[in-house]
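Just below is one structure, and these are the notes that go with it.
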Amino acid sequence: MQEGKLCQLKTFKRLAALLATAVLIGALPHVAPVGVHGSAAIAETTDSGTDNCEQTYDVSSGSGSAAAYQSGNTCFVAFKNTGAVNTTAVMSWTLPSGVQRVDVLVVGGGGGGGAHVGAGGGAGGLLSLTDESVSGASVAIEVGAGGRGADSQVGSDISRASGTTGIAYSGEASKFGSNTADGGGHGGFWWNDNGSGLNGAAANGGSGGGAVERSTGTTSGGTASGNGSGNDGGQAGGGGSAGANGYLTGGGGGASAPGQDANHDSDVLKSGDGGAGQSVSWISASAATALTIGETSGDNVYFAGGGGGGFHDILATGGAGSGGLGGGGDGAGPPDGGASDHRVIGSHGIATTGGGGGGSGAPSTGTNHSTGGDGGSGVVLVSFVVPSSPAISSAPSSSSVDAGQTATFSVISSVSDGGTLSYQWQQSTDSGSTWSNVSGATSASYTTPTLDATDSGDQFRVVARNTLGGNYAEATSSAAILTVSRVSQTVTWAQPASLVLANSGDSATTATSSGDGSISYSLVNAGSTGCAINSSTGVLTFSGTGTCSVRADAAQTNTYDAASTTVSVTITQGTFAVSGPSSKVGTSSSSFTSVCTSS
């Protein structure tokens with residue numbers, strides 16, 4: 001796999017701790033690129049052997065960022081919540097051109113750990129979707145933060161924030177479109193505000209929070225919601241006094257395993273470990289490291305580990321529970337010796353893992369303070385193949401043909417990443433201002449239908465598409481210009497060369513054309529004949545003798561040029577033959593007939 005490059009917004013300093021070839025660009029306010037509205041930002045990478053992996057997104061609520069990393073022809077884009085606990089970053093991702101299939105990881109924020117007698121927080125729910133279909137201009141994304149850990153004080157305040165007391169909170173949900181991963185349930189807690197003790201049951205969530213162990217109140221861990229991979233929180237065990245059981249707690253549930261129950265073995269009193277998170281096979285360790293997401297172990301990347309349970313009394317010889325692999329925070333308890341002025345803090349879940357916060361415990365005597373770890377923020381990660389753009393080595397050439405013929409245009413193109421090439425020819429009838437797809441023209445060459453002069457000046461180009469991993473990249477060729485020339489046609493007219501006056505108005509002889517132009521007739525020169533010709537029928541009339549010149553025209557068509565022929569007709573008086581009466585034998589009253597004929 002090629003080493004990729006990672007970017008955050010250009011206004012951030014480059015992070016030296018990342019890979020030597022990785023540059024991370026985050027989401028500070030940025031001048032919106034054309035077509036993007038609101039507080040838009042760009043996460044971009046420099047090309048690492050194939051096309052670049054530039055992403056555009058918008059943060060409409062909360063604080064969020066995105067980072068992109070490219071390895072070979074695969075692009076990874078991580079969306080993160082950069083705000084405080086108990087918040088949600090609402091974002092919109094503009095789908096890059098050609099992206100239709102993606103792999104998606106959605107992890108909710110981890111639940112906060114409990115305090116005083118504090119159990120581990122549950123991990124955020126985890127959804128891993130492969131070959132997911134995406135469409136439209138953008139995808140709605142939400143990234144949930146982790147829930148705040150509980151805070152409990154006994155005696156005078158020695159808290160991290162003066163006067164802070166309160167309960168643990170569950171993590172916030174994360175979303176990709178309609179796919180939701182719930183936030184993890186908070187760990188159970190028993191907190192004390194200067195002597196006023198309150199119990200808090202473990203919460204349900206993406207993974208359930210662990211349970212606390214008290215002589216009163218619930219000892220059941222939270223349950224998983226079912227929105228994403230998740231498991232129930234660990235059980236605390238039966239009730240009892242602190243001296244008997246050390247006030248143990250259960251671990252928070254993880255994406256692939258439930259939280260451990262408290263261990264009541266007589267030799268080892270120990271709070272439960274957080275449940276293990278889940279490894280996501282399509283995320284490489286190098287991508288996770290570059291994007292600073294998940295918890296990497298060897299070649300695997302884990303998310304959504306449960307928080308370890310804390311303990312309340314030093315008699316818990318086995319100690320606190322460990323956080324589950326996948327970002328779960330470790331639990332904490334009071335140190336051996338002394339019972340005053342202790343500040344006990346559970347570990348926070350790791351950011352962008354959805355890990356649960358570790359629980360915390362502190363002695364109930366003296367001046368002590370107990371704080372559960374905050375849940376780790378969730379993450380939304382999108383991965384998709386970025387095909388290389390086709391290389392067009394031979395664009396279609398302009399073509400000149402006669403009307404009545406066809407024209408053929410061809411392209412030669414190639415791809416370097418093993419993708420599949422396809423083609424779509426386009427035609428423009430307005431000098432390239434607009435283009436439309438030619439129906440059925442989807443191969444490397446295109447032959448037009450039979451052409452005529454109305455097709456002259458049309459332009460043709462081809463869009464070559466490389467499809468790989470369900471996504472595509474396109475390259476458009478230069479345009480070829482089509483020139484169509486009309487062909488000549490011949491007019492034939494068998495008009496008699498001479499006529500006599502007596503022939504005026506006789507039926508016309510008709511002209512014909514070798515093409516498809518309509519025939520019309522016109523007078524060229526009447527001379528002394530007084531001749532005229534009907535333009536449509538060709539009937540010739542005249543009143544005197546001499547020479548009459550007339551023309552037959554074949555009109556120009558979309559296929560043929562105009563053509564004509566001119567003929568001259570000599571008009572004469574004609575001759576008359578008279579035959580006298582024939583001899584007849586008869587009476588004197590017999591009649592005689594004379595015959596006169598013209599010629």
Side-chain angles (χ1 to χ4, degrees), residues 399-407 429 448-458 481-599:
S399 180
S400 296
V401 298
D402 288 338
Q405 297 180 334
T406 61
T429 59
T448 68
T450 301
L451 300 166
D452 61 38
T454 61
D455 300 308
S456 191
D458 287 0
I481 300 175
L482 174 65
T483 301
V484 182
S485 300
R486 291 180 175 87
V487 295
S488 60
Q489 58 183 325
T490 302
V491 178
T492 302
W493 191 12
Q495 179 69 276
S498 62
L499 295 171
V500 297
L501 288 173
N503 296 131
S504 178
D506 286 354
S507 298
T509 58
T510 303
T512 59
S513 170
S514 61
D516 58 1
S518 61
I519 300 294
S520 63
Y521 304 91
S522 62
L523 178 66
V524 177
N525 189 345
S528 60
T529 65
C531 65
I533 192 166
N534 186 293
S535 62
S536 58
T537 65
V539 172
L540 184 66
T541 60
F542 38 84
S543 58
T545 61
T547 300
C548 174
S549 296
V550 289
R551 185 175 69 211
D553 292 285
Q556 177 181 281
T557 68
N558 291 334
T559 303
Y560 293 92
D561 284 324
S564 66
T565 187
T566 301
V567 298
S568 295
V569 181
T570 300
I571 311 298
T572 62
Q573 185 71 40
T575 60
F576 291 87
V578 178
S579 59
S582 59
S583 298
K584 188 169 184 175
V585 177
T587 64
S588 59
S589 59
S590 298
S591 58
F592 292 87
T593 302
S594 297
V595 178
C596 177
T597 61
S598 63
S599 62

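Here the structure is a predicted model, which is why all the values come from computation and not from measurement. Residue numbers start at 1 and run along the sequence shown. What you see below is based on every heavy atom in this structure, not just the backbone, and it leaves out hydrogens, waters and symmetry mates.
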Grab the two heavy atoms, one from Cys531 and one from Ala526, that are nearest each other, plus how far apart they are. SG-CA, 3.5 Å

Sidechain-backbone polar pair: Gln489 side chain, Asp561 backbone, donor-acceptor under 3.5 Å: yes

Taking every heavy atom of Val491 against every heavy atom of Ala511, the minimum-distance pair comes out as CG1-CB, 4.2 Å

With no hydrogens and no angle check, just 3.5 Å: does a side-chain donor-acceptor pair link Ser504 and Thr541? no

Validation row: Val569, Phe542 side chains within 4.5 angstrom (heavy atoms): no

Is the side chain of Thr559 donor-acceptor paired with the backbone N or O of Val487 at a distance under 3.5 Å, no angle test? no

When rounded to the nearest 0.5 Å, the distance separating OG of Ser400 from CG of Leu482 is 7.5 Å

Locate the shortest heavy-atom distance separating Gly546 from Ser528; write the atom from each residue and the value. CA-OG, 3.9 Å

Tell me whether Thr448 contacts the main-chain N or O of Ala407 through its side chain, where contact means a donor paired with an acceptor under 3.5 Å. yes

Under a 3.5 Å distance rule, please check whether Arg486 uses its side chain to pair with a backbone N or O of Ala403 as donor and acceptor. no

Where Ser513 and Gly515 come nearest, the two heavy atoms and their spacing: OG-N, 3.0 Å

As an exercise, state the distance from CG of Asp455 to CG of Asp458, rounded to the nearest 0.5 Å. 5.5 Å

I'd like to know if the side chain of Thr490 reaches the main chain of Ser514, judged simply by a donor and an acceptor atom lying under 3.5 Å from each other, with no hydrogens or angles considered. no

The residue among Thr510, Thr566, Val567 that forms side-chain contact (heavy atoms from CB on, under 4.5 Å) with Gln495 is Val567

Are Ile571 and Leu501 close enough, and set up right, to give a side-chain contact (heavy atoms from CB on, under 4.5 Å), and what steps lead you there? CA-CA 6 Å; Ile571 311 298; Leu501 288 173; 3.8 Å; yes

Any side-chain to backbone donor/acceptor pair from Thr545 onto Thr572? Under 3.5 Å, distance only. no

Can you tell me how far apart OH (Tyr560) and CG (Asp452) are? Round to the nearest 0.5 Å. 11.5 Å

From CA spacing to verdict: side-chain contact (heavy atoms from CB on, under 4.5 Å), Leu451, Gln405: CA-CA 6 Å; Leu451 300 166; Gln405 297 180 334; over 6 Å; no

Is the side chain of Tyr521 donor-acceptor paired with the backbone N or O of Leu540 at a distance under 3.5 Å, no angle test? no

To the nearest 0.5 Å, what is the distance between CD1 (Ile519) and OG (Ser535)? 12.5 Å

Evaluation steps, side-chain contact (heavy atoms from CB on, under 4.5 Å), between Leu523 and Cys548: CA-CA 8 Å; Leu523 178 66; Cys548 174; 4.0 Å; yes

Testing the basics here: between Ser568 and Ser549, what is the closest heavy-atom pair and its distance to 0.1 Å? OG-OG, 3.1 Å

Residues that Ser507 engages under side chain to side chain donor-acceptor pair (under 3.5 Å), provided they are two or more places apart: none

Arg551: what forms a salt bridge (Lys or Arg N to Asp or Glu O under 4.0 Å) with it, not counting sequence neighbours? Asp553

For side-chain contact (heavy atoms from CB on, under 4.5 Å), just list the numbers for Val550 and Val524, CA-CA rounded to whole Å, side-chain angles, deciding distance to a tenth of an Å, and then say yes or no. CA-CA 5 Å; Val550 289; Val524 177; 5.5 Å; no

